[in-house]
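Below: one structure, written as C-alpha cells.
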Amino acid sequence: MREELLNNPVFHMAAEQFDRTADFLGLSNDVRERCKWPKRLLTVSIPIKLDSGETHVLFGYRVQHQLSRGPVKGGLRFHPNTDLGEVAALAMWMNWKCALMGLPFGGGKGGVACDPRTMSVKELENLTRRYTSEMLPFIGPETDVMAPDMGTNAQVMAWMLDVYSAHAGHLVPGVVTGKPVNLQGSEGREAATGHGVAFLATRALSKCQLDPDKATAIVQGFGNVGYYAALTLSRFGIKIIGISDVTGALYHPEGIDLAALKRHLDSTGDIKSYPDADTIDPDAMLVQECDILVPAAVDRVITEHNAADLKCKILAEAANGPTTPEADAIIEKRDDIFLIPDILCNAGGVTVSYFEWVQNIQRFQWSEQEVLSKLDTMMAKAFDRVLAFARYKKIPHRLAALSLGIQEVAEVKQQRGLFP
Ligand code: GLU
C-alpha cells in the first residue's frame with residue numbers, strides 16, 4: 001500500500017538509495033522505518049479560471065518528509081510530469097540535504113502538475129494564490145517554508161507571501177524564501193545554487209590537480225541553476241564548451257559567451273538558434289570530453305546507457321537525482337570520475353534560503369558578500385566532511401553524503417523517542 005501510493009520511478013530511486021545507506025549504517029528497523037516514510041502527504045485540487053473564461057482543475061502536492069529537526073524546507077515546482085511520488089522523492093532528498101548541511105530543517109517539496117510555459121502571468125498568479133490558500137493550514141515560518149524550484153521564481157514566492165500575510169493580517173516574510181530582495185529576500189539567493197555548484201566543482205578540480213584556467217565544462221540546463229553554475233564557472237576561469245536547455249544543445253570547443261547566449265535566449269526564447277556555436281544532439285553533448293560535467297536539468301539523465309561513455313573527470317550533480325542507481329554502479333566501478341553528489345552539490349540554494357529565513361527572523365539584511373562568504377564556508381565544510389568520511393570508510397561519495405545526512409536524522413529520532 002505505501003509503495004503503491006508513491007509508485008513513481010523517482011521515488012523508487014530515492015528509496016533504493018535510502019535502503020542501501022540504511023544497510024550500510026546498520027540502522028535498526030524501528031529508526032529505519034521512521035526515517036524512510038514521509039510524515040505528511042498532501043494532495044489538493046486547485047480550480048483556476050483560465051484567460052479563456054473556462055475553469056480548470058489542477059492537482060497540487062506538498063510532501064513534508066519529516067518535522068523532527070525543525071520546520072520543513074524545500075521548493076515548489078510547476079511541471080507537467082509532477083506527481084505525488086516524484087514530490088515525495090524530492091522531499092526525501094531535501095531531508096538528507098538539510099541534515100548533511102547542518103540546517104535546522106526537515107525536507108519538503110511541493111509541486112503542481114501544469115506547464116507554466118503555456119500559461120499567462122495572470123493564470124500563474126491565480127494558480128499560485130489558490131495553491132497557497134489550500135496549503136494555509138500546513139505552512140508557516142515554524143512549520144513549512146517553501147522556495148523556488150523548477151518552473152517557479154521570486155515572483156511566485158511574492159504571491160505566496162502575499163496570500164499568507166493577508167490571511168495573518170501582517171507581513172510574514174519568513175513563510176517563503178527566494179523572494180524578491182526588496183520584499184526581505186536575501187542578497188545572493190538567486191545565484192546561490194549555481195554558485196555552490198561552481199564553488200565545489202573548483203574544489204574538486206584542485207583535488208584532481210587540474211588547473212581551472214585550462215579546464216572545460218559542459219552544462220546541461222540553462223534555467224536558474226544551470227545559468228548561474230555556468231556563469232560562476234566561467235568567472236573562475238573555466239571554459240564552457242557545451243550547454244543545453246529544453247530547446248536544444250550547443251557545442252563550441254573554444255568556449256561559449258554566456259552573456260551573449262543569455263541575451264539571445266531572452267530575445268528569441270530559445271538557445272538552439274544561437275549563431276556563435278554549433279548545435280549538437282543533447283544526448284551526444286553529455287558524452288563529449290570535458291573536465292566538469294554539470295547535469296542541471298531533470299532527474300535520471302545519467303543512466304546505464306551512457307554512464308560507461310562519460311568522458312568527464314568531475315560529475316557535479318546540480319539537478320536532483322540526475323544519476324540512476326544503475327549508472328552509479330558503473331561510475332563506481334570505473335573509478336576515474338570524481339562525483340559531487342546532488343545533496344551536497346546543489347545544497348547552496350537551501351543554505352542561502354536558511355540565511356534568508358534567519359535574516360527574516362532577525363529583521364536584518366546581510367550584504368551579498370557576507371552571504372556568499374558564509375555559503376562558501378558551509379559548502380567547504382560539508383565537502384571536506386563527505387570526502388573524509390568516504391576515504392575513511394572506503395565508500396563512494398554518494399554513499400558517504402547520504403550516510404552523514406541520514407545518520408544525523410536517525411540520531412535525532414532516537415533521542416526524541418517514539419510517542420506515545
Ligand atoms: N529547490 C531548491 C532545492 O531543491 C531549494 C530549496 C530551498 O531553498 O528551500 O534544493
Side-chain angles (χ1 to χ4, degrees), residues 10 14 61-67 69-79 82 86-112 135 139-141 143-154 156-157 160-161 173-180 184-197 200 221 223-229 295-299 316-322 340-360 371 374-375 378-379 382 401 405:
V10 189
Y61 311 97
R62 183 71 179 168
V63 174
Q64 302 179 339
H65 189 81
Q66 180 246 110
L67 291 123
R69 299 177 57 260
V72 168
K73 189 82 196 78
L76 167 67
R77 62 171 54 181
F78 291 166
H79 193 273
T82 284
E86 184 204 58
V87 170
L90 293 160
M92 194 190 312
W93 282 324
M94 282 307 301
N95 208 43
W96 319 137
K97 193 189 304 186
C98 291
L100 170 66
M101 296 305 294
L103 310 179
F105 294 134
K109 192 70 95 177
V112 178
M135 289 292 154
I139 60 173
T143 42
D144 187 343
V145 183
M146 298 204 205
D149 198 86
M150 257 196 230
T152 58
N153 55 23
V156 171
M157 295 304 115
M160 296 187 81
L161 170 146
V175 69
V176 287
T177 59
K179 52 194 175 283
Q184 299 186 36
S186 178
E187 296 286 352
R189 174 61 186 85
E190 191 175 296
T193 312
H195 175 95
V197 170
L200 291 190
N224 174 275
V225 179
Y227 170 65
Y228 281 109
V298 291
D299 51 82
E317 294 185 334
N320 292 309
I340 314 176
D342 51 2
I343 62 165
L344 170 66
C345 192
N346 68 30
V350 73
T351 302
V352 176
S353 275
Y354 165 61
F355 298 159
E356 184 172 326
W357 182 74
V358 169
Q359 291 170 77
N360 293 157
V371 167
K374 282 187 166 70
L375 172 64
M378 286 181 70
M379 295 295 285

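Order of appearance sets the numbers: ligands from 1, and atoms from 1 within every ligand. Scope of the values below: all heavy atoms of this structure, side chains included, with no hydrogens, waters or symmetry mates.
Under the 3.5 Å distance criterion, with hydrogens and angles disregarded, no donor-acceptor pair is assigned to the side chains of T152 and R77.
Annotation for ligand 1: atoms under 4.0 Å from non-hydrogen atoms of M94 are 3 (C), 4 (O), 6 (C), 10 (O). Near G349, the atoms of ligand 1 lying under 4.0 angstrom from a non-hydrogen atom of the residue are 8 (O). Near K97, meaning under 4.0 Å from any of its heavy atoms, are these atoms of ligand 1: 3 (C), 4 (O), 10 (O).
In this structure, M150 has no heavy atom closer than 4.0 Å to ligand 1. P148 counts as a contact of ligand 1, since one of its heavy atoms falls under 4.0 Å from the ligand. The closest approach between a heavy atom of G178 and any atom of ligand 1 is not below 4.0 Å.
Considering only non-hydrogen protein atoms, atom 9 (O) of ligand 1 sits nearest to K73 NZ, 2.8 Å. Protein heavy atom in closest approach to atom 4 (O) of ligand 1: K109 NZ, 2.9 Å. When hydrogens are left out, the protein atom nearest atom 8 (O) of ligand 1 is S353 OG, 2.6 Å; that is the closest non-hydrogen contact. Ranking protein heavy atoms by distance to atom 1 (N) of ligand 1, first place goes to D149 OD1, 2.7 Å. Nearest protein neighbour of atom 7 (C) of ligand 1, counting heavy atoms only, is A147 CB, 3.3 Å. Scanning the protein for heavy atoms near atom 5 (C) of ligand 1, the closest one is R189 NH2, 3.5 Å.
With a 6.0 Å radius and a threshold of 12 heavy atoms from other residues, nucleotides or ligands, Q359 has its CD atom above the threshold.
Note: no N/O pair closer than 3.5 Å links V145 and ligand 1 by distance alone.
Of the candidates K73, K109, M135, M135 is the only one forming a side-chain contact (heavy atoms from CB on, under 4.5 Å) with M146.
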